[in-house]
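From a predicted model like this one, the values you see are computed outputs, not experimental measurements. Values below: every heavy atom of this structure, side chains too, minus hydrogens, waters and symmetry copies.
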Amino acid sequence: MHVNIHVNRKFVQTMTSLTQRNSGLVQRRTEASRSAAAADKEKSPDEDEHESRRGEEDDDDKGDAKETRLTLMEEVLLLGLKDREGYTSFWNDCISSGLRGCMLIELAIRGRLQLEASGMRRKSLLSRKVICKSDAPTGDMLLDEALKHVKETQPPETVQSWIELLSGETWNPLKLHYQLRNVRERLAKNLVEKGVLTTEKQNFLLFDMTTHPLTNNTIKQRLVRKVQEAVLEKWVNDPQRMDKRVLALLFLAHSSDVLENAFAPLLDDQYDLAMKRVRMLLDLEPEAEAAKSGANELLWAVVAAFTK
């Protein structure tokens, strides 16, 4: 009897010790959870935005390597370049303004530019001014040059005006300094640095010209495939659900008269379907699309400038 009492007492002490230890562990976990929740509440909106942006950058890194990630301008130029000859068509007079539209959208997607508020009178996209949202450097010389012009210009200009000013298409001699010079050559050099193109000299009877033939066909084909898939296999029939960069690329490749180059390898029925869906996008009303939740207003303003 004495032995049983002694065993029972030891058993009770052991169970009590385990219970205390477990309750202590639960308490520590609870306190840790409370501390984490408090930290989340105290986190500023800026920190949230930074984490969100960092997450987007991480997603970007999952695709192409950093040296082969292309801007909208570089993608449009690459679509327009002849692979072997290394230059754009002499008859293409649309690509210059198209590349300036690319810059405005690229800066808007990167959070540097936006349209002014529409106001009580609901001003149209093309009558609203472009304003600088952030002057943080982008790391791209062309983009930073365009951003500097927008930031320092008072009063602000509209999207249509900026496309013309950055292209040098103005009759006002006081505004000629806004023109971005040698844009195609500078973009081609960027693509050379990224290992996509190479540099050669070609003789055209009366003059020599620097050309940039394709050297990395994998990247070009990946770009062409991305454009094709956007209106074929990955077509979603809703521009608000499309990736903004891909949507902008479709519009600006068309405005720059280089979209046909991406569709040329398609079979006849695929080509017809792709062009039908591109026409559906071109028939959209930019004002209505810009008013939808999550839309990038400046993107649709550029679309309106080219499709009006």
Seminar exercise, completed: Residues passing the side chain to side chain donor-acceptor pair (under 3.5 Å) test with Ser97, sequence neighbours excluded, are none
Exercise. Looking at CG of Leu267 and CG of Leu273, how far apart are the two atoms once the value is rounded to the nearest 0.5 Å?
Worked result: 12.0 Å
Exercise. Which salt bridge (Lys or Arg N to Asp or Glu O under 4.0 Å) pairs, counting each pair once, include a residue from residues 120-143, with sequence neighbours left out?
Worked result: Glu116-Lys123, Arg128-Glu297, Asp135-Lys151
Exercise. So, the side chain of Glu289 versus the backbone of Leu284: is there a donor-acceptor pair under 3.5 Å, distance only?
Worked result: no
For this session: Answer yes or no: is there a side-chain heavy-atom contact under 4.5 Å between Gln202 and Asp208?
Result: no
For this session: Return each pair, listed once, that meets salt bridge (Lys or Arg N to Asp or Glu O under 4.0 Å) where at least one residue sits in residues 249-273; pairs must be two or more places apart or across chains.
Result: none
Exercise. With the threshold set at 4.0 Å, does a side-chain nitrogen-carboxylate oxygen contact exist between Glu106 and Arg110?
Worked result: yes
For this session: Applying side chain to side chain contact (heavy atoms under 4.5 Å, CB included), name anything that partners Thr210, two or more places apart in sequence or on another chain.
Result: Glu185, Thr199, Lys201, His212
Problem set entry | Side-chain (Glu74) to main-chain (Thr71) donor-acceptor, under 3.5 angstrom | yes
For this session: Please report the closest heavy-atom contact between Leu180 and Ala146, naming both atoms and the distance.
Result: CD1-CB, 4.2 Å
Problem set entry | Connected via hydrophobic side-chain network under 4.5 Å: Leu165 and Ile131 | no
Problem set entry | Heavy-atom neighbours of Met141 CE exceed 12 at 6.0 Å | no
For this session: Mind listing the closest non-hydrogen atom pair of Arg112 and Pro137 along with its distance?
Result: NH2-O, 3.1 Å
For this session: Search all heavy atoms of Ala262 against all heavy atoms of Leu79 and return the closest pair with its distance.
Result: CB-CD2, 4.1 Å
For this session: Would you name the heavy atoms of Thr198 and Thr215 that are closest together and state the gap between them?
Result: N-CG2, 4.1 Å
Problem set entry | Separation between CG of Leu70 and CZ of Arg222, rounded to the nearest 0.5 Å | 9.0 Å
Problem set entry | side-chain contact (heavy atoms from CB on, under 4.5 Å) evaluation trace for Glu287 with Ser124 | CA-CA 7 Å; Glu287 296 286 348; Ser124 68; 3.3 Å; yes
Problem set entry | Rounded distance (nearest 0.5 Å) linking atom OG1 of Thr211 with atom CG of Leu81 | 9.5 Å
Problem set entry | Ser256 side chain to Val258 backbone, donor-acceptor under 3.5 Å | no
Seminar exercise, completed: Residues Thr307 and Pro286: closest non-hydrogen pair is OG1-CG, 4.4 Å
For this session: State, yes or no, whether a side-chain contact exists between Lys189 and Lys194 at a heavy-atom distance under 4.5 Å.
Result: no
Exercise. For residues 81-102, which residue pairs qualify under salt bridge (Lys or Arg N to Asp or Glu O under 4.0 Å), counting only residues two or more places apart or in two chains?
Worked result: Asp83-Lys220
Exercise. Looking at side-chain heavy atoms only, is the closest gap between Glu75 and Val227 below 4.5 Å?
Worked result: no
Seminar exercise, completed: The single option from Leu247, Asp243, Leu249 that satisfies side-chain contact (heavy atoms from CB on, under 4.5 Å) with Arg245 is Asp243
Exercise. Are Gln228 and Gln270 close enough that some pair of their side-chain heavy atoms sits under 4.5 Å apart?
Worked result: no
Problem set entry | Non-neighbouring partners of Ala305 that pass side chain to side chain contact (heavy atoms under 4.5 Å, CB included), sequence neighbours left out | Leu126, Val159, Gln160, Ile163
For this session: Please name all residues satisfying ring-ring contact (aromatic ring centres under 6.0 Å, His included) with Phe306, sequence neighbours left out, ordered by chain then number.
Result: none
For this session: Kindly state each residue pair satisfying ring-ring contact (aromatic ring centres under 6.0 Å, His included) with at least one member in residues 221-244, sequence neighbours excluded.
Result: none
Problem set entry | NZ/Lys292: more than 12 non-hydrogen atoms of other groups inside 6.0 Å | yes
Problem set entry | Shared hydrophobic cluster for Val150 and Leu174 (ILVMFWY, side-chain gaps under 4.5 Å) | no
Seminar exercise, completed: Closest heavy-atom pair, Ala248 versus Ile105, reported as atoms and distance to 0.1 Å, is CB-CG2, 3.8 Å
Exercise. Got a sec, which pairs hit salt bridge (Lys or Arg N to Asp or Glu O under 4.0 Å) with one end in residues 154-164, sequence neighbours left out?
Worked result: Glu157-Lys175
For this session: Report yes if the side chains of Trp300 and Pro239 come closer than 4.5 Å at any heavy-atom pair, otherwise no.
Result: yes
Exercise. Going through the distances and angles, do Met73 and Asn190 end up as a side-chain contact (heavy atoms from CB on, under 4.5 Å)?
Worked result: CA-CA 11 Å; Met73 304 91 71; Asn190 287 350; over 6 Å; no
Exercise. Is there a side-chain contact between Leu115 and Leu125, using heavy atoms and a 4.5 Å cut-off?
Worked result: yes
For this session: First locate atom CG of Leu282, then atom CG of Leu259, and finally report the distance between them rounded to the nearest 0.5 Å.
Result: 8.5 Å
For this session: Can you measure from CG (Leu197) to CG (Leu78) and round to the nearest 0.5 angstrom?
Result: 6.0 Å
Problem set entry | 4.5 Å side-chain heavy-atom contact, Val76 and Leu72 | no
Problem set entry | Within residues 175-198 or reaching into it, pairs that qualify as ring-ring contact (aromatic ring centres under 6.0 Å, His included) - sequence neighbours excluded | His149-Tyr178, Trp162-Tyr178
Problem set entry | Within one Ile-Leu-Val-Met-Phe-Trp-Tyr cluster: Leu166 and Trp171, side-chain cutoff 4.5 Å | no
Seminar exercise, completed: CG of Leu143 to NZ of Lys148, rounded to nearest 0.5 Å, is 15.0 Å
Problem set entry | pair Arg184-Asn182: side-chain heavy atoms closer than 4.5 Å | no
Seminar exercise, completed: Hits for side chain to side chain contact (heavy atoms under 4.5 Å, CB included) against Ala274, two or more places apart or cross-chain, chain-then-number order -> Val231, Leu232, Phe263, Leu266
Exercise. With Gln221, which residues qualify under side chain to side chain contact (heavy atoms under 4.5 Å, CB included), at least two apart?
Worked result: Asn217
